[in-house]
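The first residue of the sequence shown is numbered 1, and numbering continues consecutively from there. In listed order, ligands and their atoms are each counted from 1. No experiment lies behind these values; they were computed from the predicted model shown.
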Amino acid sequence: MPTTPASTRLQEVRTRIDAAVAQAGREASSVRLLAVSKTFPATAVAELAACGQREFGENYVQEGIAKIDALSSVQPPPRWHFIGPLQSNKTREVAARFDWVHAVDRLQIAQRLSAQRPPTRNGLPLAALQVCLQVNISAEASKSGVAEADLLPLAEAVASLPNLCLRGLMCIPAPSQGLVAQRLPFARLRELLEDLRRRGLGLDTLSMGMSDDLEAAVLEGATIVRVGTALFGARPQRSEAG
Ligand SMILES: *Cc1c(COP(=O)(O)O)cnc(C)c1O
């Protein structure tokens with residue numbers, strides 16, 4: 001854990017986002033900060049929530065649910081995003097406990113999430129699960145994400161599922177140095193989103209940018225940046241896949 005207080009780290013990240021938003025000539029409210037809390041304890045999440053951070057991203061199902069339970073009395077309630085790769089045997093828990101899923105890249109996973117999304121939670125009507133499709137934007141570097149050529153049919157199929165709301169696209173580009181190189185894959189994801197919108201899909205979300213490249217992502221239109229290290233400190237190495 002860094003010794004810098006959570007409030008300072010949060011302010012530093014917000015300042016970076018604000019500067020990029022201003023440089024891009026965008027509205028400050030057009031970019032949401034998703035705090036990626038994977039591997040960090042619920043106490044660290046609660047600390048950031050107490051500073052006003054509302055949205056949290058988790059990569060591992062059981063770890064994420066443990067934190068959702070631990071923070072269940074926090075007001076206003078945090079919004080939980082599942083951002084990791086999702087296996088079909090974990091869809092039921094994700095559909096029940098999370099509000100967003102960012103890394104959908106197969107129709108079968110989307111169908112299961114839709115079928116398993118409960119109509120209520122704690123006795124209250126539950127909104128559709130908000131979903132982004134992960135695009136394999138650096139084709140050589142990554143095994144996850146839908147190929148660009150398969151994106152349109154997948155998006156159309158997912159958009160038609162009853163208990164999902166398809167919001168947009170997400171990517172994790174191969175790491176690169178410097179603003180110019182970092183912007184290229186984000187620009188490509190923006191073009192892909194614009195193309196889907198021209199085809200009539202009502203999408204509004206680009207989930208892109210992390211601690212090292214959030215400025216490049218905001219300059220290319222990110223609406224959600226997913227930030228872990230800059231908020232919580234360096235993560236221990238971890239190998240769990242679920
Ligand atoms: C871990 C993770 C992040 C956060 O990365 P940092 O470099 O620590 O900011 C963002 N998105 C996804 C999908 C992740 O797995």
- Do R32 and T223 have a side chain donor and acceptor closer than 3.5 Å? no
Pull out every atom of ligand 1 sitting under 4.0 Å from any heavy atom of [X], numbered as shown with elements.
X: R226; answer: 4 (C), 9 (O), 10 (C), 11 (N), 12 (C), 13 (C)
X: N59; answer: 14 (C), 15 (O)
X: I172; answer: 13 (C)
X: T229; answer: 6 (P), 7 (O), 8 (O), 9 (O)
X: I83; answer: 11 (N), 12 (C), 13 (C), 14 (C)
X: V227; answer: 9 (O)

- Any H102 heavy atom less than 4.0 Å to ligand 1: no
- Query: Which atom names give the shortest non-hydrogen contact between F232 and R9, and what distance separates them?
  - Reply: CA-NH1, 3.8 Å
- Message: If the test is ring pair (Phe, Tyr, Trp, His ring centres under 6.0 Å), which one of W100, F56, F98 qualifies with W80?
- Response: F56
- Does an N or O anywhere in G228 fall below 3.5 Å from an N or O of ligand 1? yes
- Item | CD-CZ distance between Q108 and R112, expressed to the nearest 0.5 angstrom | 6.0 Å
